[in-house]
Amino acid sequence: MAVFMPRTNKKSVRASEYFIKLSTELDMEKYDLPKYKELFLLASFQSMHDTDLAYFVIYQKCSENAHSKEQLLGCLAEEERFNFKHSKCFNELNFRSSLLKAITEIKHQLYTGQLDYLFA
């Protein structure tokens, strides 16, 4: 009996891998290191954490929805409307504004064609 496997779309794999790479480069595990425990008392460090967390979340969403440029834009539009709270953020307002900034940056790159090579 023949087993048919759907062909993976190289385009979507390339785009997904791009966003996985971006999220990995943020290295969110660094915030779990004992040497950073005291730094979490500083508002500036908390702000940096929330910004990194927002970008990490968006990059993960993009990697999951990078099957096509249109699907990715739809996912980003949905994330703009959706006001979710992350349990690990310190300041929800800073997290949300960083999330919206990340979405805006990615959408700009998509609309201007800077990321077209991921879908070609």
Side-chain angles (χ1 to χ4, degrees):
M1 181 172 145
V3 176
F4 293 99
M5 298 284 292
R7 292 181 67 191
T8 57
N9 187 346
K10 288 184 181 181
K11 298 178 204 173
S12 66
V13 171
R14 192 178 329 160
S16 180
E17 287 175 350
Y18 171 77
F19 288 108
I20 289 171
K21 180 181 177 242
L22 290 177
S23 68
T24 303
E25 287 175 353
L26 287 172
D27 187 26
M28 292 305 293
E29 287 96 32
K30 69 184 174 211
Y31 292 108
D32 295 331
L33 297 174
K35 68 181 182 180
Y36 289 134
K37 294 290 183 207
E38 289 182 26
L39 290 175
F40 275 114
L41 300 175
L42 302 172
S44 60
F45 194 77
Q46 292 176 1
S47 177
M48 183 176 73
H49 171 269
D50 289 349
T51 300
D52 282 353
L53 183 62
Y55 276 81
F56 180 80
V57 167
I58 286 301
Y59 291 153
Q60 289 291 310
K61 293 278 185 182
C62 287
S63 71
E64 295 167 6
N65 294 284
H67 304 293
S68 69
K69 190 174 177 179
E70 294 75 24
Q71 185 176 356
L72 185 54
L73 285 167
C75 168
L76 292 171
E78 186 176 310
E79 288 299 315
E80 272 182 317
R81 290 188 303 270
F82 185 60
N83 191 16
F84 90 95
K85 299 170 185 161
H86 199 283
S87 62
K88 291 186 178 183
C89 77
F90 290 94
N91 181 323
E92 291 176 21
L93 184 59
N94 182 46
F95 175 79
R96 180 72 180 150
S97 66
S98 297
L99 194 77
L100 292 173
K101 183 178 178 189
I103 290 170
T104 301
E105 289 173 4
I106 295 168
K107 284 174 69 174
H108 175 74
Q109 291 173 342
L110 289 168
Y111 286 132
T112 59
Q114 296 175 31
L115 299 178
D116 283 353
Y117 69 96
L118 296 175
F119 302 98

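Each residue takes its place number in the sequence, starting with 1. Note that the coordinates shown come from a computational prediction; the quantities given were computed from them, not determined experimentally.
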Ignoring hydrogens and geometry, is there a side-chain-to-backbone donor-acceptor pair from Asp50 to Phe90 under 3.5 Å?
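Yes; at least one donor-acceptor contact below 3.5 Å.
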Backbone of Ser16 reached by a side-chain donor or acceptor of Ser63 within 3.5 Å:
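Such a contact is absent between Ser63 side chain and Ser16 backbone.
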Atom [atom1] of [X] and atom [atom2] of [Y]: how far apart are they, to the nearest 0.5 Å?
X: Cys62; Y: Leu110; atom1: SG; atom2: CG; answer: 7.5 Å
X: Lys88; Y: Asp32; atom1: NZ; atom2: CG; answer: 6.0 Å
X: Ser23; Y: Ile20; atom1: OG; atom2: CD1; answer: 6.5 Å
X: Ile58; Y: Leu76; atom1: CD1; atom2: CG; answer: 6.5 Å
X: Thr112; Y: Gln114; atom1: OG1; atom2: CD; answer: 3.5 Å
X: His86; Y: Leu99; atom1: NE2; atom2: CG; answer: 10.0 Å

Selection residues 63-79 - residue pairs positive for salt bridge (Lys or Arg N to Asp or Glu O under 4.0 Å), sequence neighbours left out:
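Listed once each, the pairs are Lys61-Glu79, Lys69-Asp116.
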For Glu17 and Lys21: C-alpha separation, side-chain torsions, deciding distance, then whether salt bridge (charged side-chain N to carboxylate O under 4.0 Å, His left out) applies.
CA-CA 6 Å; Glu17 287 175 350; Lys21 180 181 177 242; over 6 Å; no
If you look at every heavy atom in [X] and [Y], which pair is closest and at what distance?
X: Ser98; Y: Tyr55; result: O-CE1, 3.9 Å
X: Leu39; Y: Phe45; result: O-CB, 3.1 Å
X: Phe119; Y: Ser68; result: CE2-C, 3.5 Å

Name all residues meeting the side-chain contact (heavy atoms from CB on, under 4.5 Å) criterion together with Tyr111; count only those two or more places apart in sequence or in a different chain, and write none if there are none.
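By the side-chain contact (heavy atoms from CB on, under 4.5 Å) rule, Tyr111 matches Leu73, Lys107.
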Could I get the full list of side-chain contact (heavy atoms from CB on, under 4.5 Å) partners for Leu93, not counting sequence neighbours?
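Leu93: side-chain contact (heavy atoms from CB on, under 4.5 Å) contacts with Asn91.
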Under 4.5 Å between any side-chain heavy atoms of Leu100 and Ser97, yes or no?
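A side-chain contact under 4.5 Å is absent here.
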Counting C-beta onward and ignoring hydrogens, is there a side-chain heavy-atom pair between Leu53 and Tyr31 closer than 4.5 Å?
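Leu53 vs Tyr31: side chains apart.
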Check salt bridge (charged side-chain N to carboxylate O under 4.0 Å, His left out) between Lys101 and all other residues, then give those that pass, not counting sequence neighbours.
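Partners of Lys101 under the salt bridge (charged side-chain N to carboxylate O under 4.0 Å, His left out) test: none.
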ILVMFWY cluster, Leu41 and Leu33 together (side-chain gap under 4.5 Å):
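No, Leu41 and Leu33 fall in different hydrophobic clusters.
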I would like to know whether Thr51 and Met48 meet side chain to side chain contact (heavy atoms under 4.5 Å, CB included); could you show each step before the answer?
CA-CA 5 Å; Thr51 300; Met48 183 176 73; 5.8 Å; no
Which residue pairs satisfy the side-chain hydrogen bond (donor to acceptor under 3.5 Å, both in side chains) criterion with at least one member in residues 36-46, sequence neighbours excluded?
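Sorted result for residues 36-46: empty, none.
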Return the set of residues passing side chain to side chain donor-acceptor pair (under 3.5 Å) with Tyr59 (not counting sequence neighbours), or none when no residue passes.
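Side chain to side chain donor-acceptor pair (under 3.5 Å) list for Tyr59, sorted by chain: empty.
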